Structures are given as C-alpha cells and as structure tokens.
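The next block holds one structure in the form of structure tokens; read it before the comments.
We use all heavy atoms of the structure for the numbers below, so side chains are in, but hydrogens, waters and symmetry mates are not. Just so you know, residue 1 is the first one in the sequence shown, and it goes up from there. Here the structure is a predicted model, which means the values were calculated and not measured.
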Amino acid sequence: MTRFLDDGRLELDTNPVENAIRPVCLTRKNALFAGHEVGAENWALLSSVVATCRLNDVNPVAYLAETLDAIINGHPQSQIEELMPWRFRKTSSPNP
C-alpha cells in the first residue's frame with residue numbers, strides 16, 4: 001500500500017494482471033489432460049506457435065496453413081528462418 005501512496009501511477013487493482021495470466025493458467029491446466037507425454041509435448045509446441053503468432057499480430061490459422069503448405073511443397077530445411085511467424089507478413093503480403 002505504501003508504494004501506491006508514494007507513486008499514484010501504480011494501479012491499485014490487480015485485474016489487468018490477472019486477466020493477462022488467465023490464458024496461460026488455463027492452457028497449463030488443459031495440457032494436464034493431454035493423455036500422454038507425447039500429446040503434452042505436441043500441445044506445448046502448438047501453444048507456443050499460436051502464442052508467437054499472436055505476439056507478432058499474425059493469424060495463427062493462416063500462418064499454420066501457409067507454413068504447412070510450404071513444407072509439403074518442399075521448402076528447404078536450410079531456409080527455415082523464412083517460415084517463422086515474425087516473417088509471415090513480409091512473405092505473404094503483396095509488395096506495394
């Protein structure tokens with residue numbers, strides 16, 4: 001309470017923080033029911049990809065569809081950096 005009184009810019013309410021961590025807690029709880037260690041690893045991998053897409057303001061469904069299509073069509077493994085979510089818009093958007 002003393003920090004709040006010393007600096008009025010601090011939020012007294014913890015709702016923004018609780019709302020920010022709620023999806024992480026729910027995902028962790030849901031991953032407990034993956035059924036198998038490999039299933040849990042796959043869940044964690046997919047969760048990580050979706051979270052990275054969201055952090056980079058990329059539609060996860062569009063990203064996964066285009067990336068899987070590129071892999072199926074023989075995208076070279078040595079050029080994997082081109083398929084990262086932070087490069088998605090640059091490679092998929094038309095040049096002006």
Side-chain angles (χ1 to χ4, degrees):
M1 186 70 160
T2 59
R3 290 191 189 264
F4 175 75
L5 294 174
D6 291 338
D7 188 352
R9 295 175 296 171
L10 296 176
E11 291 283 335
L12 185 59
D13 188 12
T14 60
N15 279 338
V17 174
E18 291 172 12
N19 289 338
I21 66 170
R22 185 171 289 116
V24 175
C25 294
L26 289 175
T27 299
R28 185 183 64 215
K29 184 177 177 183
N30 290 338
L32 291 173
F33 300 102
H36 194 271
E37 187 175 334
V38 174
E41 289 174 5
N42 290 335
W43 179 285
L45 176 68
L46 186 58
S47 249
S48 177
V49 169
V50 169
T52 303
C53 285
R54 289 182 178 160
L55 284 172
N56 287 281
D57 200 27
V58 170
N59 179 344
V61 175
Y63 169 75
L64 286 170
E66 191 169 316
T67 301
L68 290 174
D69 190 47
I71 292 169
I72 290 169
N73 290 327
H75 187 85
Q77 192 172 9
S78 61
Q79 297 173 359
I80 197 74
E81 181 67 26
E82 294 174 1
L83 298 178
M84 295 295 117
W86 48 88
R87 304 236 359 229
F88 180 70
R89 287 181 176 230
K90 295 174 187 162
T91 59
S92 65
S93 61
N95 294 330

_Can you pull out every salt bridge (Lys or Arg N to Asp or Glu O under 4.0 Å) where at least one residue sits in residues 71-80? Sequence neighbours excluded, please._
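Every pair satisfying salt bridge (Lys or Arg N to Asp or Glu O under 4.0 Å) with a residue in residues 71-80: there are none.
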_All pairs passing salt bridge (Lys or Arg N to Asp or Glu O under 4.0 Å) where residues 44-56 contributes a residue, at least two apart_ =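 Checked against salt bridge (Lys or Arg N to Asp or Glu O under 4.0 Å) - neighbours excluded - no pair reaches residues 44-56.
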*According to a 4.5 Å side-chain heavy-atom criterion applied to Ile, Leu, Val, Met, Phe, Trp and Tyr, with indirect links allowed, do Val50 and Val61 form part of one hydrophobic cluster?*
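No: no chain of side-chain contacts under 4.5 Å links Val50 to Val61.
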_Val58 to Pro85 - nearest heavy-atom pair and separation_ =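 Scanning both residues completely, I find the closest heavy atoms to be CG2-O, 3.6 Å.
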*OH of Tyr63 to CZ of Arg87: how many Å apart, nearest 0.5 Å?*
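If we round to the nearest 0.5 Å, Tyr63:OH and Arg87:CZ are 11.0 Å apart.
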*Glu81: what forms a side-chain hydrogen bond (donor to acceptor under 3.5 Å, both in side chains) with it, not counting sequence neighbours?*
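With sequence neighbours excluded, Glu81 shows a side-chain hydrogen bond (donor to acceptor under 3.5 Å, both in side chains) to Trp86, given in chain and number order.
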*Check: Val49 and Thr67 side chains under 4.5 Å, non-hydrogen atoms*: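 SC-SC contact between Thr67 and Val49 ruled out.
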I'd like to check the side-chain contact (heavy atoms from CB on, under 4.5 Å) partners of [X]; sequence neighbours left out, ordered by chain and number.
X	result
Gln79	His75, Pro76, Glu82
Leu68	none
Leu55	none
Ala62	Asn59, Phe88

*Does Asp69 have any salt bridge (charged side-chain N to carboxylate O under 4.0 Å, His left out) partners at least two apart in sequence or in another chain, and if so, which?*
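Not a single residue meets the salt bridge (charged side-chain N to carboxylate O under 4.0 Å, His left out) criterion with Asp69.
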